[in-house]
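Indexing begins at 1, ligand by ligand and atom by atom, following the structure's order. Predicted, not measured: the structure shown is a model, and the values here were computed from it.
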Amino acid sequence: MGYGKETLLKATQILEGRRSKAQRIQMARHMEVTEKLPEIAKYEAKLDETGLAVVKAFGMGKDAEAYISQLASINTDLQNIIKQTLKANGYPENYLEIPYTCKKCEDTGFCGGYICECRTELLKTIAKTDLASVSQSANCTFENFNIDFYPLPADEATGVSARKRMSEILEYCKNYAEDFGPESESLYLHGATGLGKTHLSLAIANVVAESGYKVVYDTAQNILSSLEREKFSHNNNGEKEKEILDCDLLIIDDLGSEFSTQFTVAAVYNIINTRLNRSKPVIISTNLTKNELETKYTQRVTSRIIGGYVSLLFLGKDIRQIKNRF
Ligand SMILES: [Zn+2]
């Protein structure tokens, strides 16, 4: 599981924000309360005294233990008096506690040297939100993938029912997303336009990101133009390329819709080849047939995809298209 630098930084910033907000709230409440109820400030001053006395008591040797336990009970009494005073004046008992979002780690994101659950949750949420900001991912789930859209009767020529095939594909994608890991296969989703390839890629992206993996999802057009911008920018730090080559799951939507240049052909080959060599999964969706793919990206690219990816052919109304494919 690897989150990008930006995601980690965002989580740290949000936690810092929560922490300082909680502290500001507590300060404001403290001012309000001590103004209305000056006796609270007096109890607090006594609390400070007992605290200091405890520190000093550690140097007392043998008699320290009894003295410290006496101080502790005074301390507890004072805290109870403060709570009761607050309550008697219409405040909640814990009104002067710092209202951290996470009490366990006091919004630091770490407790006892371990990453707190709140930070793990936050990272998942940020990864998912990043995904949603580039796509309609939130609307595309496995649950709202409508299988009724696909014709049930088997095609006369091929004997294949589109609905049956698509139910299998839906099931396959669901399992793929739930069991996703570094060992997962790459997928090649192909078929005519409008058959749900984007919907299912996004549904996979959502589930995989929710499990804490770094998912990059975008159209081929956007991925390639951002790589091109980076390559020709003055302060090229290769960050975008690194993200695309290193993320846990890369989803390239609508491969072939982009304007083709020498750069895009080379970049597509580099992405597919590098990730295949590093055994990092990719999901490609395309409307192109094998021949069209070959014409556009050369046989070198196509053979990597055909040989290395699990092929899922999407079927729909015009089932005869199957004959023009593999
Ligand atoms: Zn926490």
K242 and N237: side-chain hydrogen bond (donor to acceptor under 3.5 Å, both in side chains), yes or no, with the steps?
CA-CA 9 Å; K242 198 175 168 312; N237 54 8; over 6 Å; no
Could you please spell out the steps behind the side chain to side chain contact (heavy atoms under 4.5 Å, CB included) verdict for Y188 and L255?
CA-CA 10 Å; Y188 171 52; L255 183 70; over 6 Å; no
Could you walk me through whether L202 and Y217 pass side chain to side chain contact (heavy atoms under 4.5 Å, CB included), step by step?
CA-CA 8 Å; L202 281 171; Y217 168 95; 3.5 Å; yes
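Listed by chain and number, the protein atoms of type N/O/S under 2.8 Å from the Zn ion (ligand 1) are C102 SG, C105 SG, C116 SG, C118 SG; waters are omitted.
Residues that satisfy the salt bridge (charged side-chain N to carboxylate O under 4.0 Å, His left out) test with K231, not counting sequence neighbours, are absent from this structure. In terms of the side-chain hydrogen bond (donor to acceptor under 3.5 Å, both in side chains) criterion, residue partners of E32 (sequence neighbours excluded) are, by chain and number, Y91, Y95. Under the side chain to side chain contact (heavy atoms under 4.5 Å, CB included) criterion, Q79 pairs with L47, N75, sequence neighbours left out.
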